[in-house]
J.: 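The structure is given below, and queries will be raised subsequently.
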Amino acid sequence: MATQKILVIEDEMNIQELIKYNLEKNNFVVTLADNGIDGLSQVLGGDYDLVLLDLMLPGLDGLEICKRMRANKKTRKIPIIMLTAKSEEFDKVLGLELGADDYMTKPFSVKELIARIRAALRRVDTNEDEEIPEEINENVQSILTYQDITIDKEKYEVKKSGEKLSLTLKEFELLKMLVENKGKVLTRDTLLDRIWGYDYVGETRTVDVHIRHLRQKIHDEDESNQMIETIRGVGYKIIDEGDK
Ligand code: CA
């Protein structure tokens, strides 16, 4: 494997040094940035395999960098592991939703950090040559409809009874995948794998949180008459109108 380059955006010198020393010992090439603005310009101008990103940074904070990396074609797929201090209020779901791949709370074990880095790099490798298995449908039409909901896949727009809904990207993808596979149960693992791009071991709750938000937005909270049905212990399906 070619040498892999890691950018560490972290303002605490002792943590920077600890990470740099240990990563270099494990044959990674390490570049350091100690504030958010330099960090972002390095990541946009460089060629990194992974970014370790502190949450609280002078200049730009970690969430903002994460968001901007995900909005940029060049950096969209670079894995991000967020580093957060225990004392910091960190909304993990928000971090993951903005596109972080993983997060670690300081103080962390160097051994675990390296294991997570390797895992994130492996996921990039496998995602690149992964083909979508046939059992998951992907409709080629750009407009999908389900009851009074219209999903425009090109514009990333969802309307209910003609009224535009503001869904996050993950909520959009969840709804689209459920509708494309209506009547069929999609397991949490499948949804995580397809929408988040890899398995968060033990983090399938992420799916539940997003489904809950999605249900609120599409007004699907009446449990006696739900479009999105919870299949306990398994996953979710959207009811096929034809089965009703
Ligand atoms: Ca910090």
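Only heavy atoms go into these numbers, but all of them, side chains included; no hydrogens, no water, no symmetry mates.
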J.: Only counting residues at least two apart or in another chain, list the ones meeting side chain to side chain contact (heavy atoms under 4.5 Å, CB included) with Thr168.
T.: Glu97, Lys170, Glu171, Lys217
J.: With a 4.5 Å limit on heavy-atom distance, are the side chains of Thr31 and Val8 in contact?
T.: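 No, every pair of side-chain atoms sits at 4.5 Å or beyond.
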J.: So which heavy atom on Arg215 is nearest to which on Glu229, and how close?
T.: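 Scanning both residues completely, I find the closest heavy atoms to be NH2-C, 3.9 Å.
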J.: Ignoring hydrogens, what is the shortest heavy-atom contact between Thr75 and Arg70? Give both atom names and the distance.
T.: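 Result for this residue pair: O-NH1, 3.2 Å.
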J.: Let me confirm one number: the CZ-CG distance from Arg116 to Leu52, rounded to the nearest 0.5 Å.
T.: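 Spacing of CZ (Arg116) from CG (Leu52) equals 11.5 Å.
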J.: Identify whether the distance between the nearest side-chain nitrogen and carboxylate oxygen of Asp240 and Lys184 falls below 4.0 Å.
T.: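 Between Lys184 and Asp240 there is no salt bridge, as every charged N stays at least 4.0 Å from the carboxylate O atoms.
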J.: Quick one: closest heavy-atom pair of Tyr236 and Leu191, and the distance?
T.: CD1-CD1, 4.2 Å
J.: One thing to verify: whether Glu17 and Lys20 come together as a salt bridge, which I'm taking to mean a side-chain N less than 4.0 angstrom from a carboxylate O.
T.: no
J.: Who passes salt bridge (charged side-chain N to carboxylate O under 4.0 Å, His left out) against Glu221, sequence neighbours left out?
T.: none
J.: How far apart are the closest heavy atoms of Val179 and Thr145, and which atoms are they?
T.: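 Val179 and Thr145 have their closest heavy atoms at CG1-O, 4.3 Å.
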J.: Using residues 33-40 as the side-chain source, report each donor-acceptor pair under 3.5 Å to any protein atom, sequence neighbours left out, with the distance given to one decimal.
T.:
{"residue": "Asn35", "atom": "OD1", "partner": "Ile37", "partner atom": "N", "Å": "3.0"}
{"residue": "Asn35", "atom": "OD1", "partner": "Asp38", "partner atom": "N", "Å": "2.9"}
{"residue": "Asn35", "atom": "ND2", "partner": "Asp38", "partner atom": "OD2", "Å": "3.1"}

J.: Does Leu167 form a side chain to side chain contact (heavy atoms under 4.5 Å, CB included) with Leu214? I'd like the steps, not just the answer.
T.: CA-CA 7 Å; Leu167 302 188; Leu214 177 61; 3.9 Å; yes
J.: Within a strict 4.5 Å, meaning less than it, do heavy atoms of the Met104 and Leu113 side chains meet?
T.: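 Of all side-chain heavy-atom pairs linking Leu113 with Met104, at least one is under 4.5 Å.
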J.: Do Val51 and Ile6 come within less than 4.5 Å of each other through their side chains, counting heavy atoms only?
T.: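 Result no, sub-4.5 Å side-chain heavy-atom pair not found.
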J.: Going by heavy atoms in the side chains, are Ile239 and Lys182 under 4.5 Å from each other?
T.: no
J.: Apply ring pair (Phe, Tyr, Trp, His ring centres under 6.0 Å) to Tyr146 and list each qualifying residue two or more places apart in sequence or on a separate chain.
T.: none
J.: If you compare all heavy atoms of Met82 against all heavy atoms of Gly62, which two are closest, and at what distance to 0.1 Å?
T.: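 Closest approach of Met82 to Gly62: CE-C, 3.7 Å.
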J.: Using ring pair (Phe, Tyr, Trp, His ring centres under 6.0 Å) as the criterion, list what pairs up with Phe108, not counting sequence neighbours.
T.: none
J.: Is there side-chain contact between Ile114 and Leu23, with heavy atoms separated by less than 4.5 Å?
T.: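 When only atoms from C-beta onward are counted, Leu23 and Ile114 do touch, with a gap below 4.5 Å.
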J.: Side chains of Thr187 and Asp189: donor-acceptor distance under 3.5 Å anywhere?
T.: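 Short answer, no.
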J.: Taking Asp220 for its side chain and Gln216 for its backbone only, find out whether a donor-acceptor pair lies under 3.5 Å.
T.: no
J.: Checking Lys5 now: which residues fulfil side chain to side chain donor-acceptor pair (under 3.5 Å) with it, not counting sequence neighbours?
T.: Asp47
J.: Less than 4.0 Å between a side-chain N and a carboxylate O, is that true for Glu163 and Lys159?
T.: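 No.
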J.: Do Val158 and Ile149 have side chains that get closer than 4.5 Å, going by heavy atoms?
T.: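 In contact.
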J.: With rounding to the nearest 0.5 angstrom, report the CZ to CG distance, Phe172 to Leu165.
T.: 11.5 Å
J.: Any salt bridge linking Asp54 with Lys106? Criterion: basic side-chain nitrogen under 4.0 Å from a carboxylate oxygen.
T.: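 Yes, Asp54 and Lys106 are salt-bridged.
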